[in-house]
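Here is the structure we will look at, set down as structure tokens.
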Amino acid sequence: MALRTLSTFPSLPRHLARHDHSLTIIYRKPTTLIICKSITDSESAVSLSERDGFAAAAPTPGERFLENQRAYDAQKVVKKQLKKEKKIKKNEIVRKVVDTSISCCYGCGAPLQTSDVESPGFVDLVTYDLKKKHHQLRTIICGRCQLLSHGHMITAVGGNGGYPGGKQFVSADELREKLSHLRYEKALIVKLVDIVDFNGSFLARVRDLVGANPIILVITKIDLLPKGTDMNCIGDWVVEVTTRKKLNVLSVHLTSSKSLDGVSGVASEIQKEKKGRDVYILGAANVGKSAFINALLKTMAERDPVAAMAQKYKPIQSAVPGTTLGPIQINAFLGGEKLYDTPGVHLHHRQAAVVHSDDLPALAPQNRLRGQSFDISTLLTQSSSSPTGESLVGYSFFWGGLVRIDILKALPETCFTFYGPKALDIHVVPTKTANEFYQKELGVLLTPPSGKHQMQEWRGLQSHRLLRIEFNDAQRPASDVAISGLGWISIEPIRKTRGSEPRDLVDAEHEISLCVSVPKPVEVFIRPTLPIAPSGTEWYQYRDLTDKEEEVRPKWYF
């Protein structure tokens, strides 16, 4: 305990007035004295002030309040400093990822270079020097983009989610890293989803990329849906599935970049919601981001002269996933905000990540989808094998060389309808001969994979999923089985035919069992049936919503 100075004592005790060798007086200042008494081992360690009744008093409530207030103020200072350091770190990340000082190809976003002819961003040295002299580097398109625009299939992305075979100049992880700054910026996100591969291209973890930024959900390629599809049913289905995924979005738009359907609604929503923020177009690889941006600029150019000027240097469209290799800045708004085309997010669970680069065009539908239906009555005309039973139980479907479906349990009237690219043929064989048929016909009838080189690298259908699909209403489709990156199979428990009458089912018949085999990283989804074609309007049921659900539920537009 600290001793009080002599100046604070009211009077000096008598025994201290005498000369005592055991006392030492230390002069710190002329007006301050500190008295220290040496204590022998036999004496108790009792301070002078305690012994003479001059100990410090307990702190008063006021002193305790002041002490707590000082601690609180000190804590605020520390928190403020930590927050400042965190903000500086975020700004450093943004500057590192988005370096606007580097000139990039306006077609793919790759940094311009003059050393490697085969790499993205290559420009002839003479052209580069001339454009640099006249400050026109942002008007250069690289050699790879010129080849892509003429139909050449030149891949550039490898690694986890990239493509085996072909040339690999950048990894899928590096492209994802280029989007990491979005969560630290104030931006408006336009997220694109392919209706043909809805589950595979949805980007369920998009919030990990964009943080709390607002999202406009855009569904692309609706022109590929079968004729007669009711867009009211499609819009309600998309909103319902999006709500179940718990992704809060501002609105949902059904669009076609080819016919420009729905694009004007997206343009109006962007103008309404951007509020001074930059706009980023985000989505999975090959979802149609560059095509959508071109359609958006074309629509906006009717009223916005800045967008009209931006059409001169627009991103390259290509069937090759991974065309865009870096953020492409586009001056598209009168207010000065920027529009960014971003690299596609390459996902390892899609079929495109496992096939050779030469087989990528076979996975992309070019025209309207037409379902190929199979039931026991049509098996004679669509398969070389004669049916041995009254249903499809005991048969296997091969969807090219990429998917195998074994029917384990189904009703005699069950029908399977395949929706996907026409380049993949469907074959039906008895399950007992399916292994032999696959080994014999892989690369011949069952393509992709196609070609000797692709066959050597093919690892087969290593992932097997047992699906049990339960249904209540046999007059409606039970569900869809979606293959990531390919398409889906619609399952009808009882196919409607002319003159057929509904029959009652026992409890054991309200289940369909399948075994789906795909390459190891590819995912299989079970989802509510997509209401397509005129028949979808007949069986689709709108869910009754409460007033609260109606208020928070996002609106959809077409």
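- The pair Lys258-Asp223 does not meet the salt-bridge criterion, since no charged nitrogen lies less than 4.0 angstrom from a carboxylate oxygen.
- Each of His348, His349, Gln351 was scored for a side-chain hydrogen bond (donor to acceptor under 3.5 Å, both in side chains) with Ser484, with one residue passing: His349.
- Between Phe418 and Trp399, the ring planes are perpendicular. Angles over 60° get that label, and only those under 30° would be called parallel.
- Between Phe471 and His510, the ring-plane angle classifies as tilted under the 30° and 60° cut-offs.
- Relative ring orientation between Tyr540 and Tyr542 is described as perpendicular, the plane-to-plane angle rising above 60° on a 0-90° scale split at 30° and 60°.
- Atom CZ of residue Arg183 and atom CZ of residue Arg207 lie 11.0 Å apart, to the nearest 0.5 angstrom.
- Ion pair Arg465/Glu523 not flagged as a salt bridge, since none of the NZ, NE, NH1 or NH2 atoms sits closer than 4.0 Å to an Asp/Glu carboxylate oxygen.
- A side-chain donor from one of Ser259 and Ser256 sits under 3.5 Å from a side-chain acceptor of the other.
- Between Phe437 and Phe398, the ring planes are tilted. Angles from 30° to 60° get that label.
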Before giving the answer on ring pair (Phe, Tyr, Trp, His ring centres under 6.0 Å), spell out for Tyr340 and Tyr280 the whole-Å C-alpha distance, their side-chain angles and the decisive distance to 0.1 Å.
CA-CA 5 Å; Tyr340 286 91; Tyr280 287 80; 4.6 Å; yes
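- Although no hydrogens or angles enter the test, the distance criterion places a donor-acceptor pair under 3.5 Å between the side chain of Thr431 and the main chain of Tyr395.
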Under the criterion side-chain hydrogen bond (donor to acceptor under 3.5 Å, both in side chains), I'd like the reasoning laid out for Ser396 against Asp406: C-alpha separation, chi angles, the key distance, then a yes or no.
CA-CA 4 Å; Ser396 298; Asp406 299 332; 2.5 Å; yes
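- Looking at Asp341 and Lys289, no side-chain N of the basic residue comes within less than 4.0 Å of a carboxylate O on the acidic one, giving no salt bridge.
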